[in-house]
Structures are given as structure tokens and as C-alpha cells.
Protein chains: 2
Amino acid sequence: MTRWLDDAQMRAWLGYRRMRLLLDLQVSRDLAEGSGLSDADYDVLSNLSETEGHQLRLSELSAHMRWSKSRLSHHLTRMQQRGLVTREECPSDGRGAVILLTDDGWRAIRTAAPAHVESVRRHFIDRLTDEQIRVLGDIAESVIGHLDEVPVRTPSGEAGKQPAEIAAGKQPAEKAARRQPAKE
Amino acid sequence: MTRWLDDAQMRAWLGYRRMRLLLDLQVSRDLAEGSGLSDADYDVLSNLSETEGHQLRLSELSAHMRWSKSRLSHHLTRMQQRGLVTREECPSDGRGAVILLTDDGWRAIRTAAPAHVESVRRHFIDRLTDEQIRVLGDIAESVIGHLDEVPVRTPSGEAGKQPAEIAAGKQPAEKAARRQPAKE
DNA sequence: GCACCCTGGTTGACATGTCAACCAGCACTG
DNA sequence: CAGTGCTGGTTGACATGTCAACCAGGGTGC
């Protein structure tokens, strides 16, 4: 006996789906036009830019982004060809790969960030009330909290490794303390 | 002078991004495992299933889904090979293509729907309070209302053709009035 | 040190999405 | 009804993502 959704639930779900469709489309388009970076590029750069030394093991990056290693590896190859990142051997683990943000990569994301935040504001943040922003934060926290427990689908174990942290701003860092633009 | 996001705004934006990442991943995985349908398949079938006669012009479908005609055409070719839909000439316009839901397609979505709603509930709806659901509906409405005005990016005009409608449940229809599972 | 297995990462084949070129059919003009 | 141009849709080339196979290096037991 299926428990279908009632009107309000349907409105929320369909609304979410459509918002997602339109919002992400618009924001990535703005990003790409303004900086030549794709959504995925920005995420990668943003994660790297936040770390100590602008570098991260491939596996750490993939775990945090929830990307498969394969996907990340492929994507890094392309970003590497564009000079945004480089790969280096890992000193402590012969198999490992350390991903390094290049100067160009660092410059790219710092340049892209302002317009990106502006875009996020225009299409999203500035359309919401403070109250809505607060509630949305709560909603995301609940949903994420639940899903983060679901192990990442891997053949054998290695389950829920990610900290339950939700935030962790993502931006060219620097501007210190107050986190900035970012995305996922 | 960039107006960076403050803490609450950052929490909402990053939360949204991460929720999106995890939630959509989980829901599509459930869907695929349970029914062999991809997210995209489900959307297409769902839109067709709601129409009079289970058919739609390709262009109407693409406009409503906000997919490019190219993408839709490619996807339909694959779905056609799997017997979920068929293409027919349009009687009123020699160039046109009418997309038809096949019996198999209809059966496929009706079969998939219950588990899909269940999945949406488990990972999303049931984790939220009524209040949160209401506010999320409002949020989506605002954001979508704004974005729907932005014309679909096409070489020449044909701008904002889509009705500003947000909802329009998406489900195997039938169960009449009260709309059901669905997804964008 | 060796057998054995697990882990980190890469790779190739294939699925899916994007972009631009293309083509046939409607529509308007003269 | 020829000329012109726009529209609906398809196609091929290429970008991106997924999946499974593979491989080298690390870790453990002996």
C-alpha cells in the first residue's frame, strides 16, 4: 500500500526538483560564461584551494566530493591538460597521487569567485527571506545527516567515512575566517 | 566589491548543494535498482503518462522538461530501442514528431512509481516537518518564479514560453485527481 | 622474504549530454 | 509557385560520467 504524497509534500518535492533543474542550469551557465570553468571544475578547485598547501590526495578529494575515483581521475586528467592542477607522487604511499593546485588554477578560481557569488545571490539567496534561508539550512542539515549515514556504495566496507560536517565553506580561501563563494 | 555570503547564507547554499548531491544520488540509485529506469527515463515517462492519450510533440516535451531537443531526441532513440516509447509522424505538421508512450512504457512507470515515492519519502519528505515542507515549497516557488522569466537560451527568441506553473504532479496518472509520485 | 589480499589509482569501453551543422517542411512575399 | 527564411527535429563529433578490469604498492601471517 503506497503512501502517496499529499499536496503540500508534492509541492515541496516537485518544487525542489524544478528549482534544482533551473537554478543549477543558470548558475553553471553564468559560471561558464564568466570564467570558462564548469561546475565540476569549480568544485574541484574550490576544494583544493581550501586546504593546507593547496593539495590533497586523490582519494581524500574523491571521498569529500563524493565522486568516484574514476570520475575524479578522468576529470583531473583534463584539468591537468588545461594547467589548472598537477599530479605528484605521494611521499608516504607509493601508490598515492597528490593533487596540487597550480598558480593558474589558483588564479582561475579567485578570478571566478566574485561573479559566481553574485550569480548565486541574484538567482537564489537574494530571492529568499532570512527566515527561509534559515529553514533551508535546517532542511539540508536533516536530509544530509540522514544520507551521510548511508555508506558510500563500495564493494567492501569503507562505509560512512565522511565526517557529518555539512558546511565547510568552499572558496578561494584567503579572505580568511568569513568563508566565501563556493559551492558544494 | 563583492558581497560575499554571510554564515547563514553560506550554510543554506552549501547545504542545498550537498543535499542535492546526496539526495539525488540516493534517489536515482534506488530508482535504478528497483526498476531499471534512470532518472531521465522516469521524467520522460512521467511527463508522457500525464498527457491526454499518452503522447506529446517532441518540442512540447523538450520545452516542458527544459531539455534541449537534441538531448531529448537522443534519449528517445534509446528509450525507443528499449520499447518504452515510439515516434510517429505528426498529422498537422510534416516536420513534427509525436512521442507515444507504449504499453510497456506505461507499465514500466506504473510499476516503478510506488517504490520511487517510498524512496523519496524515506530520504526526504519523512525527514522534514510540515512547516519545513511548506517553507520549502515557498522557496522553490520564489526561485523558480524568478528563473522561469529568464528566457531559454536559444539563438533567436522563442523566449519564456513555458507557463509559470510549478507543480503539475508527475506520476503514472490514473489514481486521478490526487497527483502521485513523480519527479520534476 | 614470500604468498596473499586489500587499497589507491588508472584505464578502456561504453552510456549519456552538448554543440553545431544540416535538412526537410511550413510560411510569407512577390 | 519560386525565393527566402524560420522552425522542428535529427545527426555526428566530441565532452563528460559510469562501470569493470587491471595493476602496482602496502600490510599481514608465516
Side-chain angles (χ1 to χ4, degrees), chain A residues 21 24-25 28-29 31-33 36-44 56-82 84-100 152-159 161, chain B residues 21 24-25 28-29 31-33 36-44 56-82 84-100 152-159 161:
Chain A
L21 179 70
D24 294 358
L25 194 63
S28 3
R29 179 177 309 168
L31 180 61
E33 281 178 9
L37 295 175
S38 72
D39 226 71
D41 297 333
Y42 194 96
D43 279 3
V44 170
L56 226 38
R57 282 288 293 273
L58 185 145
S59 55
E60 294 177 301
L61 191 49
S62 91
H64 184 67
M65 298 182 72
R66 296 281 188 139
W67 279 19
S68 70
K69 286 172 190 164
S70 163
R71 175 182 181 185
L72 184 54
S73 181
H74 279 305
H75 199 84
L76 287 173
T77 303
R78 295 182 296 252
M79 291 182 72
Q80 193 168 17
Q81 283 162 355
R82 293 193 286 149
L84 298 171
V85 301
T86 52
R87 266 179 246 241
E88 248 175 50
E89 288 182 10
C90 176
S92 60
D93 186 335
R95 299 162 297 181
V98 177
I99 313 303
L100 230 353
V152 180
R153 157 74 116 240
T154 49
S156 60
E158 202 222 337
K161 222 182 193 172
Chain B
L21 179 71
D24 294 357
L25 193 64
S28 359
R29 180 178 308 166
L31 180 60
E33 281 177 9
L37 295 176
S38 72
D39 225 71
D41 296 334
Y42 193 96
D43 279 3
V44 170
L56 225 38
R57 280 289 292 273
L58 185 145
S59 54
E60 295 178 300
L61 191 50
S62 89
H64 184 66
M65 298 182 72
R66 295 280 188 142
W67 279 19
S68 70
K69 285 170 191 166
S70 162
R71 175 182 182 186
L72 184 55
S73 181
H74 278 306
H75 199 85
L76 287 173
T77 302
R78 296 183 294 254
M79 291 182 72
Q80 193 168 17
Q81 283 161 357
R82 292 193 288 149
L84 299 171
V85 300
T86 52
R87 266 181 246 241
E88 248 175 49
E89 289 181 10
C90 176
S92 61
D93 185 335
R95 299 161 297 181
V98 177
I99 313 304
L100 229 355
V152 179
R153 157 81 114 230
T154 50
S156 60
E158 203 222 334
K161 222 179 188 175

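Owing to the predicted nature of the structure, the values given are computational and were not obtained by experimental measurement. Below, chain A is the first sequence line, B the second, and so on; all start at residue 1. Quick note: numbers below take in every heavy atom, side chains included, and nothing from hydrogens, waters or symmetry partners.
Regarding B:Arg71, its CZ atom lies at a distance of 13 Å from the P atom of D:dG17, rounded to whole Å. The CG-P distance, from B:Leu25 to D:dG17, rounds to 14 Å in whole Å. Summarising the geometry, the separation between CG on B:Leu76 and C1' on D:dT11 is reported as 14 Å, rounded to the nearest angstrom. Protein atom CE of A:Met79 is 11 Å distant from nucleotide atom P of D:dG17, rounded to whole Å.
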Before giving the answer on side chain to side chain contact (heavy atoms under 4.5 Å, CB included), spell out for B:Thr77 and B:Arg87 the whole-Å C-alpha distance, their side-chain angles and the decisive distance to 0.1 Å. CA-CA 9 Å; B:Thr77 302; B:Arg87 266 181 246 241; 2.6 Å; yes
Walk me through it: do B:Met79 and B:His75 pass the test side chain to side chain contact (heavy atoms under 4.5 Å, CB included)? CA-CA 6 Å; B:Met79 291 182 72; B:His75 199 85; 3.4 Å; yes
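Within 4.0 Å of B:Ser59, counting heavy atoms only, lie sugar-phosphate atoms of the nucleic acid but no base atom.
Map B:Gly94 and B:Asp41 each onto its nearest nucleotide of DNA chain C; the residue landing nearer the 5' end is B:Asp41. Closest-nucleotide positions on DNA chain D for A:His74 and B:Ser70 were compared, and the one nearer the 5' end corresponds to B:Ser70.
For A:Lys69, a side-chain nitrogen or oxygen approaches OP1 or OP2 of C:dG8 to under 4.0 Å. Considering only side-chain N and O atoms, A:Arg87 lies nowhere under 4.0 angstrom from the phosphate OP1 or OP2 of C:dG9. Residue B:Arg78 places at least one side-chain N or O closer than 4.0 Å to OP1 or OP2 of C:dG17.
Ranking C:dT18, D:dG9, C:dG17 by closeness to the B:Arg57 side chain, first place goes to D:dG9. Comparing D:dT10, D:dC19, D:dA24 against the side chain of A:Arg95 picks out D:dA24 as the nearest. When each of C:dT10, D:dT18, C:dT18 is scored by its nearest atom to the side-chain atoms of A:Leu58, the top-ranked nucleotide is C:dT10. Of the candidates C:dG17, D:dG8, C:dT10, C:dT10 carries the atom nearest the A:Ser73 side chain, counting heavy atoms from C-beta on.
Classification of A:Asp41 and A:Arg82 as a salt-bridged pair holds, one side-chain N sitting under 4.0 Å from a carboxylate O.
Donor-acceptor pairing under 3.5 Å is lacking for the side chains of B:Arg71 and B:His74.
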